[in-house]
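In this text, all values refer to a predicted model and were calculated from it rather than measured experimentally. Computed from heavy atoms alone, side chains included, the values below leave out hydrogens, waters and symmetry copies.
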Amino acid sequence: MKSKSNTKNALIKSIMLGSFAFGLMSFVLPIYSKKIGGNALSIGGLFSIFSAVTLILRPIIGKGIDKYGRKVFFVSAFLFYAVSMLLFSYSTNIKLLYISRIIQAIGSSFMWISAYSIAIDISSDEKRGNGIGQVDEASSKGSLYGAILGFIILGNITIITGWSILFKGYAALSVVGGYIAYKYIPETGKVDIEKKVEYNKVLNMNLLKLLIVIFISSISVSMISPILMIYLQDKFTTDVRTLASAFVPAALVYAFLPAKLGSISDKSGRIVPMTIGMVISGIVSIGFSYSLSIEMLVILWVLESVGIVLASPAEEALVSELVDEKVRGSAYGVYLFVSSLGAVIGPLLGGWVYDTFGHQVPFYLNGFALLIDAFLVIILFRNYKNQEDC
């Protein structure tokens, strides 16, 4: 097997290249969808359909990763990404956006279970938080670079033309990422096609507790994703450059802090960073609706991003510690299944609440849900450090 250092570098490079579309998509997809005739509910549906597909596939893929290894699933993810990006470039109506989004979701289902499993496989026990953080950081850096490229192009030509050009480029980068993954990342798991996953070894009590926490937070956080840009347009401005300037500071947090903040959980344990991160994000979400200027909202957005980046690597590393390494892929499959289930509900709920009860209400709901979740983490895992056998 090639050195772990070379494998990690290839993992980071491939994920970064495959992630170029993500930042611009989270920012521009609601705007583009609205431009071609979508409303808040149909835009929310674009986020929910993505989660619905991953909801179905992730448990199956998690089981497959434990039987057939990580590499074939990881490389396949880039092929699905390339096809979806190419289709996005030709999507001039909501129906085509939905088809493209479904194919992207298939790629995502292949990507993240295998990526997290590879990262844990090649990380020492005392650096799992950092290893997971590097995966998240690579994705966020790709998202940031892709978004900067997108903002430059969209700032000089129409959004319809720019969208088509950008997503053809993103498709090409996904192909390059897939080539790097195929050539330079060895199989890091044990292949055993006769293996039967024993779910009693996956769904232990501690993992079930964590899944409760994840389900609540995934619903609440995903409520905000499709409506934040709409909220900025409705309350402040529709100028793309101004909206881009609001997006970039938070994107920098996601691009450069996950590994560093993930290391905190390696030193202090997983529970404290998770709790503090949720509290920060919850308080900030409540404060969003009180923003009197876009500058104030940018500051709050950055603080919320810090909270999320503090909590996420700790949470993701905790999954690997709660189960036997032989069922690690299945555990990540279940973990991401629950996350997807919440993310199916959240965007539709957020869009409906936004249109029906007012623009501030989804932010309130998200904030209070995260604060409740932080309290649950403290209660459910108060004795976790004293447990020798998870």
Side-chain angles (χ1 to χ4, degrees), residues 6-29 47 50-51 53-54 57-58 61-62 65 69-89 91 100-122 131-150 153 163 165-188 251 254-256 258-259 312-313 316 329 332-333 336 339-340:
N6 289 340
T7 300
K8 181 174 289 187
N9 288 336
L11 179 67
I12 290 170
K13 287 179 183 177
S14 60
I15 290 174
M16 185 179 70
L17 290 171
S19 301
F20 260 59
F22 299 167
L24 186 80
M25 184 170 290
S26 63
F27 178 86
V28 177
L29 182 59
F47 287 79
F50 180 94
S51 301
V53 173
T54 59
L57 292 181
R58 278 172 167 169
I61 292 169
I65 282 173
R70 324 315 193 186
K71 183 171 181 175
V72 63
F73 292 92
F74 188 65
V75 174
S76 297
F78 292 94
L79 300 180
F80 283 107
Y81 277 162
V83 172
S84 70
M85 296 302 119
L86 191 60
L87 286 177
F88 269 122
S89 74
S91 296
S100 305
R101 193 72 164 148
I102 289 170
I103 297 173
Q104 184 196 5
I106 297 172
S108 179
S109 300
F110 279 70
M111 170 68 76
W112 295 109
I113 303 173
S114 55
Y116 287 144
S117 297
I118 292 169
I120 292 296
D121 290 342
I122 63 177
I132 289 291
Q134 286 184 326
V135 169
D136 291 341
E137 191 171 293
S139 178
S140 296
K141 282 182 179 177
S143 297
L144 175 62
Y145 300 150
I148 292 172
L149 176 65
I153 292 176
W163 175 277
I165 294 171
L166 281 167
F167 278 89
K168 288 182 176 67
Y170 295 152
L173 289 173
S174 295
V175 172
V176 175
Y179 172 77
I180 292 173
Y182 174 77
K183 187 171 180 64
Y184 298 107
I185 297 179
E187 179 55 62
T188 62
Y254 287 108
F256 294 100
S312 294
E316 292 154 359
Y332 277 115
L336 291 170
S339 179
S340 295

| note | Residue pairs passing the salt bridge (charged side-chain N to carboxylate O under 4.0 Å, His left out) test with at least one member in residues 140-150, sequence neighbours excluded, are E137-K141
So, taking the atom named [atom1] in [X] and the one named [atom2] in [Y], what distance separates them when rounded to the nearest 0.5 Å?
| X | Y | atom1 | atom2 | value |
| --- | --- | --- | --- | --- |
| I65 | F73 | CD1 | CZ | 6.0 Å |
| S143 | I15 | OG | CD1 | 11.0 Å |
| S84 | I106 | OG | CD1 | 9.5 Å |
| S14 | K183 | OG | NZ | 14.5 Å |
| S108 | I103 | OG | CD1 | 14.0 Å |

Could you work out, with salt bridge (Lys or Arg N to Asp or Glu O under 4.0 Å) as the rule, every residue matching [X], not counting sequence neighbours?
| X | value |
| --- | --- |
| K13 | none |
| R70 | D66, D121 |
| E316 | none |

[X]: partners by ring-ring contact (aromatic ring centres under 6.0 Å, His included), with sequence neighbours left out:
| X | answer |
| --- | --- |
| F88 | F167 |
| F80 | F110 |
| F22 | Y81 |

With [X], which residues qualify under side-chain hydrogen bond (donor to acceptor under 3.5 Å, both in side chains), at least two apart?
| X | answer |
| --- | --- |
| S91 | S100 |
| S117 | none |
| T54 | S340 |
| K8 | Q134 |

| request: With the side chain counted from C-beta on, respond yes when V75 and Y179 share a heavy-atom pair under 4.5 Å apart, and no when they do not. | output: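 Result no, sub-4.5 Å side-chain heavy-atom pair not found.
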| request: Fit a plane to each ring of F78 and F74, take the angle between them on a 0 to 90° scale, and name the class: parallel (under 30°), tilted (30 to 60°) or perpendicular (over 60°). | output: perpendicular
Provide the closest heavy-atom pair for [X] versus [Y] in the form atom of the first, atom of the second, distance.
| X | Y | value |
| --- | --- | --- |
| A21 | M85 | CB-SD, 3.3 Å |
| P258 | D136 | CB-CB, 4.1 Å |
| Y170 | G146 | OH-O, 2.8 Å |
| A82 | V175 | CB-CG2, 3.8 Å |
| T7 | P186 | OG1-CD, 3.4 Å |
| A10 | I185 | CB-CG1, 3.7 Å |

| query | Does L79 have any side-chain contact (heavy atoms from CB on, under 4.5 Å) partners at least two apart in sequence or in another chain, and if so, which? | reply | none
